[in-house]
Amino acid sequence: MKNCTKLPVTKNQIEPLCSKYNINQILASILVRRGISQGEDILYFLENDIRFQHSPFCFPVMEDIVERIFQAQEEGEKVLIFGDSDVDGITSTAILYSYLKKIGIDAQWKLPVGDDGYGLSIQAIDDFAKEDGSLIITVDCGISNFESIEHANDLQIDVIVTDHHNPQETLPEALLILDPKLPDSNYPFMDISGAAVAYKLVSALRFAKSPFYNTDICILDVQEDSENQCYNIDCLKVRNLNQKKELHQKIIPGVTSISQTKLPDFLSGNYIYVWDKKRVSTLLRQLFGSGIDFNLCDLQEEISKLMPVFRTKSVEDLYKLSSFTKYFPESSSYLSAIFNLYVTYVKKFIYQKNPIDFADEKRDLQLVTLAALADIMPMKNENRIFVKSGLNIIKNEKPCTGLAELFAELKVNSQTVTSTDLSWTIIPALNAAGRMGQSNLSLELLLSEEPIKREQLAKKIVQLNEDRKEHVSQVLFTVNNSAKESLNKTQNKLCIVVDESINKGVTGILASKLMKDFGVPSIAATITNDVYTGSLRSCRGFIATEFLDKFGDFFINHGGHDFAAGFSFYKDQLDEFYKKLYTLLSNVKLETEEESVFIDAELPPQYLTPEILDIIDIFEPYGAENQELTFLSCNVPICDALLVGKKETQHLKLVFDCGKYKIPAMYWSAGNKLNSEIFVGKKYNVIYSMNRNYFNGIATQQLIIKDIELSN
């Protein structure tokens, strides 16, 4: 078909994935076409367990932040959590505030409302100082709040920044900063949401209440290398479930003494854990004699108390059973198998001792799910684990308090909800409160312990969303001409509208709509209290924060992500803003937009069975950098067609004859094609996506047509 691309794949690319991961050829070919061929990437598509997320202590600064918060708890300090007004900021605040209150900290929260600007404000700091507050923790903001943090420092108030936005070259002088995008953060995956950063902090705080916190251990294993006539001793230092350092020593029996190795220094001061103490002790005595005591702890014995199935398992068995060895064969060893089982054991131990914390974590994961989708985080790496886990909790258990009322008010079926459903229903409603200057309503919905109040708040929030839609519709009509005119002034590189009729809270939505309508990066800005506030949404390789950084110190505040950013400047600087903007645009080159449809797999009609939905499920959740699967099928007969839709725009409901199955399909806004381009009884080549259609509690397979043409 025209305008579609299907990358070629070979057996040599597919067959290793099929055998290694026990998957079929269709799934393997889709993974290869999408460039997902490394174990670490495949893991996050095939696995769902929350165990596969990264340790919060991968952040080098995490221990210091935990200690500062515990100090506030011990000394009875007042703590302010300051968030942002969007879904990410609201959920971040809810996650951290709930936990700090639970452990007895005198915590309060504040979000921007009304005409408040983005980020930590001077006024909020002054108000907090009057209450003798001494610690502020920002969530989903703070990395660009230089002036405010300096002001807090002057008032002897400590500020901990937790954020996920792109940092500038110079950082604010906060006490501590937790941001995966910092150059020295060492966090394995930088593209998590602000709520995920807050969740990591709370996870670290929960772990710090356990007996495992700040305990330095060393996992040791000994294996015979008969080929080289030596023994390998492998050691791994672990602190707070984070791998810190490794040591690998080759020992030749009767030749290598322990003083010739680094073992004494490496093991000093650590608990030494081994799998099968009797086996390892015997080998160490054979190598170094009985005069050296390694003081080993038997990890097998400890783990077996909680998980009896491992009582009879050898270290070789652990290696075969470990999921990690499948995805990381090049770095896997018996040592890594022991370590990963140890992590699982510790988490299980903590959950059994603190089942309430486990329940709270399930609630937090639902909020992290919303934040990841709302902030358009890439659906790869641990974001996939977050969203899959959150969706499973919502579907198989129930939405958490606050969300449950919003689901009911919006008539969303929690048992069948998908990431797409959340993005189109729940998230816009929660966001609407902030966009209309009442972000506190969404946060109160998530925090309130009163069912009646939550129901009332849900109704208010849904109404605010309707008001927001109406406002955006009106503003789009108002700025349409100026938007088109701006394209001429920027040589079609950027669309910009500046209008005081725009509600400050919807500049981001407006910029997104303009970007989609005109296919170029877009800015929407308005003025409030003599300050212009704007949002930039980008596409075609245009990096939003990088562009704004080139303005130097022009802005009062600016920051964001690669494709979504915000800024503010004073009223009398408007002409200078335009001048700088046009100058910077002269050096901008936009990438050409891809018009071709990417085909994930070509499926013969007889392959369109319900089992294909299992592959669809593997690639859920869809989102940024993981678009829904698109298939091509050729020579498919249409056996029935029906016009549907009560409004002027009618849609086509088609039924394809796929042999054993008759598959229904929807072709939106294509009613006029029936009996002119589309005829019952003829065969067609079809590009489509696939989903489940739910009716009366029954799920059926359904195609969504993207393009169709008559077969030759």
Side-chain angles (χ1 to χ4, degrees), residues 50 53-57 59 61-84 87-111 133-142 158-164 176 178 192-210 212-214 240-241 346-347 350-351 353-372 386 389-390 393 399-403 442-449:
I50 198 67
Q53 67 171 305
H54 305 302
S55 166
F57 292 97
F59 287 104
V61 75
M62 187 63 82
E63 286 184 29
D64 293 333
I65 294 177
V66 167
E67 294 304 321
R68 180 62 186 89
I69 292 174
F70 284 162
Q71 178 188 331
Q73 179 187 21
E74 291 168 5
E75 298 183 6
E77 296 180 63
K78 284 186 169 65
V79 178
L80 170 65
I81 302 165
F82 193 97
D84 191 21
V87 167
D88 196 10
I90 291 163
T91 52
S92 303
T93 307
I95 290 168
L96 186 56
Y97 173 80
S98 297
Y99 184 76
L100 295 191
K101 290 294 288 185
K102 182 177 178 179
I103 63 174
I105 289 180
D106 185 0
Q108 56 186 275
W109 57 262
K110 188 171 181 61
L111 304 174
S134 54
L135 176 60
I136 296 174
I137 306 174
T138 69
V139 290
D140 191 36
C141 64
D158 287 342
V159 179
I160 296 174
V161 170
T162 77
D163 204 346
H164 74 130
L176 296 160
L178 189 68
I192 57 176
S193 66
V197 176
Y199 165 76
K200 293 291 177 180
L201 174 53
V202 169
S203 297
L205 289 166
R206 287 187 181 122
F207 180 81
K209 295 289 187 180
S210 78
F212 304 98
Y213 179 58
N214 278 356
N240 297 330
L241 302 187
V346 168
K347 290 181 177 292
I350 292 172
Y351 289 151
K353 293 291 183 181
N354 304 282
I356 295 177
D357 277 354
F358 188 36
D360 290 343
E361 183 178 44
K362 289 184 177 181
R363 175 257 196 178
D364 291 348
L365 283 167
Q366 295 180 53
L367 301 185
V368 172
T369 295
L370 295 179
F386 293 147
S389 298
I393 293 164
C400 62
T401 53
L403 285 189
S442 289
L443 183 54
E444 288 170 4
L445 173 68
L446 297 176
L447 295 177
S448 176
E449 297 179 0

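This chain uses plain numbering: 1 for the first residue, then up along the sequence.
- R206 has its side chain out of reach of I350: every pair of non-hydrogen atoms, C-beta onward, lies at least 4.5 Å apart.
- If you run side chain to side chain contact (heavy atoms under 4.5 Å, CB included) between L96 and each of T162, V79, V202, only V202 comes through.
- Counting heavy atoms from C-beta outward, L403 and L370 have side chains that approach closer than 4.5 Å.
- You'll find the side chain of S98 stays beyond 4.5 Å of the side chain of D364, heavy atoms only.
- Side chain of D84 to backbone of G89: no donor-acceptor contact under 3.5 angstrom is found.
- No donor-acceptor distance shorter than 3.5 angstrom exists from the side chain of D88 to the backbone of A371, with no hydrogens or angles considered.
- L201 places a side-chain heavy atom less than 4.5 Å from the side chain of I69.
- Although no hydrogens or angles enter the test, the distance criterion places a donor-acceptor pair under 3.5 Å between the side chain of K200 and the main chain of H54.
- Between Y213 and F57, the angle of the ring planes lies from 30° to 60°, which puts this pair in the tilted group.
- By the 4.5 Å heavy-atom criterion applied to side chains, P399 and Q366 are counted as neighbours.
- Environment of NZ in K102: crowded, with over 12 heavy atoms of neighbouring residues, nucleotides or ligands closer than 6.0 Å.
- Between atom OH of residue Y97 and atom CG of residue L447 there is a gap of 6.5 Å, rounded to the nearest 0.5 Å.
- Considering only heavy atoms from C-beta on, L365 comes within 4.5 Å of F386 through its side chain.
- For the pair K347 and F358, the cation does not sit on the ring face, since its NZ or CZ is not both under 6.0 Å from the ring centre and inside 45° of the axis.
- For the pair D163 and V197, the minimum side-chain heavy-atom distance is 4.5 Å or more.
- The backbone N or O of N214 sits less than 3.5 Å from a side-chain atom of N240, completing a donor-acceptor pair.
- The shortest distance between side-chain heavy atoms of F207 and M62 does not fall below 4.5 Å.
- Side chain of T93 to backbone of K110: no donor-acceptor contact under 3.5 angstrom is found.
- Partner of S134 under the side chain to side chain donor-acceptor pair (under 3.5 Å) criterion, chosen from E77, E75, Q71: E77.
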